[in-house]
There are 2 protein chains.
Amino acid sequence: MHMAKTSLLFIACIVSLLSHTACQAKVWQFEWEVGYVYASPDCEEKLVMAINGQFPGPTIRAKAGDTIHLKLKNTLDTEGVVIHWHGIRQQGTPWADGTASISQCAINPEETFNYTFEVDKAGTYFYHGHYGMQRAAGLYGSLIVDVADGEEEPFHYNGEFNLLLSDWYHKSIYDQMVGLSSRPMKWIGEPQSLLINGRGQYNCSLAAHLIQGSSTCKLTKDCEPVVLQVLPNKTYRLRIASTTSLASLNLAIGNHKMTVVEADGNYVEPFSVDDMDIYSGESYSVLITTDQNPSSNYWLSVGVRGRKPNTQPALAIINYLPNSPSKLPESSPPVTPVWNDYAHSKSFTYKILAKEGTPRPPQKHNKRIALLNTQNKLDGYTKWAINNVSLALPTTPYLGAMKFQIKHAFDPQPPPENFSSDYDVMKPAKNPNTTQSTNAYVFQLNSTVDVILQNANAIAENVSEIHPWHLHGHDFWVLGYGDGRFQEKDVSTFNLKNPPLRNTVVIFPYGWTALRFVTDNPGVWAFHCHIEPHLHMGMGVIFAEGIEYVGKIPRDAITCGLTGKMLINNHLP
Amino acid sequence: MHMAKTSLLFIACIVSLLSHTACQAKVWQFEWEVGYVYASPDCEEKLVMAINGQFPGPTIRAKAGDTIHLKLKNTLDTEGVVIHWHGIRQQGTPWADGTASISQCAINPEETFNYTFEVDKAGTYFYHGHYGMQRAAGLYGSLIVDVADGEEEPFHYNGEFNLLLSDWYHKSIYDQMVGLSSRPMKWIGEPQSLLINGRGQYNCSLAAHLIQGSSTCKLTKDCEPVVLQVLPNKTYRLRIASTTSLASLNLAIGNHKMTVVEADGNYVEPFSVDDMDIYSGESYSVLITTDQNPSSNYWLSVGVRGRKPNTQPALAIINYLPNSPSKLPESSPPVTPVWNDYAHSKSFTYKILAKEGTPRPPQKHNKRIALLNTQNKLDGYTKWAINNVSLALPTTPYLGAMKFQIKHAFDPQPPPENFSSDYDVMKPAKNPNTTQSTNAYVFQLNSTVDVILQNANAIAENVSEIHPWHLHGHDFWVLGYGDGRFQEKDVSTFNLKNPPLRNTVVIFPYGWTALRFVTDNPGVWAFHCHIEPHLHMGMGVIFAEGIEYVGKIPRDAITCGLTGKMLINNHLP
């Protein structure tokens, strides 16, 4: 019957003699069921992967230091499922990271898995499926962490709105996955729609519709435009996150400047922009002041960047009260910058710097690896590879396999930490062939690791794509960016003073991005391009550290593959 | 990479001092991978669930007494899978019956399950997915068992052809499954095409195409019509099986009579017909003699019966050599009988009687149950129910749950063995509401059980549908059929002399069918309507017998649900 059931209970604070704040931490209990529903997010009916019948899934809202206890039941007919809590570092709970084949076994139909983790840091986060391409099926929602009681945000606002951005395809994810794995590869193409909080309008110019009553639009309850109701002369916080499958986005609001104050759950030095880029996996908070003509409403527009767009911008309405929400904005929606104006994108990205008070990076690194991003061929299949190795996830999740030193669960050979010194990143590879492996980098615990993400030309000439890289289990400092191939002398340009702390960072076409992080979180963590089809085609690596300090893994997380067999044969401690 | 890999090895015969025939039994080894491919079975491209890249899956061909050892690897991205060997009784190997939630846990992605079973009886069988609606996604193929060396079929033929019939939908099975489970229910509608050996032509009148070059047809390699090449004045055996999701079929060959000689792997008293009905789950052998004008080719036509058809007939060509296969038949394709001419259907079905030498039923039964088939409502959802209980499969497969006496795995309450004496089968139920349960009937081992399948009016007035019921693990004798509600006096009409042995039998609208079987096969066995959406909506029951005699269940079959938990907690023997 797949009955929707939610319960949200305040259980108890933790009584502690050691800390007066401990008693403020709450434990939130959720019961969720994942299943398909029919919905029309962009006015076209399609199967949507929903939680308790809702799409996007319910918003989780907690305070820093709270604990989330979430029973996730899979009510899909024949598929497994997991949920990843994007941006939550899972310190001490690596088995709750929600990555199939990495931190846990997929939850089988009708089975339940308990996610328990602390949300230790205020910020704008989200959650999403991390098995196959289930994120692209609609399995996502927002996770907002407020500052702990008694703490204050370092900026003031009168109200806030939450905008979860995504893109939407009409083809099923099964079609998409099989196409990407076909020989020759069938590319998924551009999305049919962009969604704001799960709403968009396919094949419908919303502005034209509202102005002229355009007949192509068939708005229904599921796809009505989002309306943000504001009062004049107030300051609002917009929490903006992107969980797109493919699209890089740009967001702008007619007549209003935005002040960026947070990125990926970390405060940044405030800066003001007319429009902002947001890549899949990123989140931001911006402040807007409603200081424009209060007799008008205004458009908020979200368009595609970095790929020749074939998708109409998504629109929302900033509704100055007491105007009617259906009062048409006087000016037309902001126009998205030209898709390949990378100078504009870089200008935005380079402005993001840590707010004073943000932890600084260690001044020296213990280890540096370089990761070359290339598009390749493998036996006629199209793949993405890192240092010429395309990621193939193992049947046995790494976390259990490493913890219990299971043989043959993954390739124990360390993957390459660099790439050929004569590789020309500006041209297609001389030999496009790649290999495939489980790509696990094992780091010393509590070491400082620098990663140079190096972009390159794809298979076709004069093509180099944007890739937003997301790290699980950690934030990292973004030390710098550059064009062309990274060189040793570029180290001197690293920003060690106020580099932003993030969990997702972009590499621009033909460029490099340098980041630093500390391996302070025992576990196994994915580091991957957040573009869903790219990850599906192998664009990721695995970072592991301090496995010997990983606590008792819940058995439900390791009941598959070789750990499952060993559990059953009683060979595990 | 999902590389296709097949190996078919003759391993060894079993040396035995006790029997001279034992050395003729072979062990066949197969390695199969289930995965999606793109194919165009009816000239429209769609995802198709294939085995080693083939659709339909490879034909298994063995001799009676041989053993099949088949390693099935799941290479689907996120879904489980199982395969059921339809018509194979699995004596002594109930864990190899390939029914998810009943005989085994679904095989997870990248995992492998070993099916080992004996094909003990010559006949025409097939195999198919038995998890969710994966059969309808294309997961099926033929399984042909020849007589053992030294044995002879009781009829003569010069050659044979194998025709596996199916129907085909363009909507994904996910769409179909969610629609059926939606409130209100979204019915799947009639199939877009009928397929013969996986080939059909959507939106294309093949005859018109060949005659006039009709432009709506876009024949490709995947959807070229099947051609049966014959020599004049010979006798051919056609092995015909139906694995349709919904459609009841009728098959006819222009100018040729057919002599029915086998049904569901049992010989029948030969009888001659111009056309034959075949319901989902049934198989037949017919003999045809190529005694018609040899300068012509002939059409074989397969059309829809029992539902108002909205699907074009499938056509194949009987190509008399040395004519060109593209030589047009001189007469147009046989016309399928009117869909609701049930008298015609009954006439065919009633002719099926056991060939002399077929085991006869015990003359007395130990137990009789009556199973009322009704369409119902459950909290606004549409269901099919048996004695007012709609089947909901449990998370823990029954076989392991019963063997290890696991509590709370299924409802231990025996389901009703009869229905209200004042139920009017000719009218919609006064109260259409049903309940839902796990519906397990537990029988004494080696008892003779009579089952009266009672059809009734559906929810709408003047609607009663055909349901082909299929029993796993056994053949049964069909003792009789009748119209209206079964009455005690109908027992006197039972055929105890030469009732046919079958594994699938139909109930006609508003009618009843009586069958008898012996509970001689320790295990847990599905008994259900073979129409895929009806089973998905709860139209089935579970029969169990002699659980204490079930041998050691392979652990891979019970690693899910409560048996999985107990295995892991070491509570199992």
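Every chain is numbered from 1 and lettered A, B, ... according to where its sequence line falls, protein lines coming before strand lines. Note that the coordinates shown come from a computational prediction; the quantities given were computed from them, not determined experimentally.
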Student: If you look only at pairs with a residue in residues 98-109 of chain A, which of them pass as a salt bridge (Lys or Arg N to Asp or Glu O under 4.0 Å), with sequence neighbours excluded?
Tutor: none
Student: So among A:Leu567, A:Thr559, A:Ile568, which one has a side-chain contact (heavy atoms from CB on, under 4.5 Å) with B:Thr559?
Tutor: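 Exactly one candidate clears the test, A:Ile568.
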Student: Of the listed residues (A:Leu47, A:Val37, A:Ile173), which shares the most heavy-atom pairs with chain B below a 4.5 Å separation?
Tutor: A:Leu47
Student: Just checking B:Lys377: does its NZ atom have more than 12 heavy atoms from other residues, nucleotides or ligands closer to it than 6.0 angstrom?
Tutor: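 Above 12, so yes.
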Student: Do the non-hydrogen side-chain atoms of B:Met133 and A:Asp77 ever get within less than 4.5 Å of each other?
Tutor: no
Student: Sequence neighbours excluded, which residues qualify as disulfide bond (SG atoms under 2.5 Å apart) partners of B:Cys529?
Tutor: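 Result, disulfide bond (SG atoms under 2.5 Å apart) vs B:Cys529: none returned.
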Student: Which atoms of A:Val81 come close to chain B, meaning under 4.5 Å heavy atom to heavy atom: side chain ones, backbone ones, both, or neither?
Tutor: neither
Student: Hey, what do you get for CD (B:Glu110) to OG (A:Ser101), rounding to the nearest 0.5 Å?
Tutor: 8.0 Å
Student: Can you say whether B:Lys186 sits under 4.5 Å from chain A via the side chain, the backbone, both, or neither, judging by heavy atoms?
Tutor: side chain
Student: For residues A:Asn108 and B:Asn108, determine if any side-chain heavy atom of one lies less than 4.5 Å from a side-chain heavy atom of the other.
Tutor: yes
Student: Does a side-chain heavy-atom distance below 4.5 Å link A:Leu76 with B:Glu79?
Tutor: no
Student: Where the side chain of B:Glu111 meets the backbone of A:Gly561, is there a donor-acceptor pair that is under 3.5 Å apart?
Tutor: yes
Student: Please state whether the side chain, the backbone, both or neither of B:Pro394 comes within less than 4.5 Å of a heavy atom of chain A.
Tutor: neither
Student: Taking side chain as everything from C-beta outward and backbone as N, CA, C, O, which of these in B:Ser182 sits under 4.5 Å from a heavy atom of chain A? Side chain, backbone, both or neither.
Tutor: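 Only the side chain of B:Ser182 comes within 4.5 Å of chain A.
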Student: Shorter than 4.5 Å, heavy atoms on both sides: which option in A:Gly179, A:Ala100, A:Ser172 has the most such pairs with chain B?
Tutor: A:Gly179
Student: Parallel under 30°, tilted from 30 to 60°, perpendicular over 60°: which one fits the rings of B:Tyr174 and A:Tyr36?
Tutor: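 The rings of B:Tyr174 and A:Tyr36 sit tilted, inter-plane angle from 30° to 60°.
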Student: Go through the steps for B:Asp175 and A:Tyr38 under the test side-chain hydrogen bond (donor to acceptor under 3.5 Å, both in side chains), then give the verdict.
Tutor: CA-CA 9 Å; B:Asp175 258 298; A:Tyr38 275 99; 2.9 Å; yes
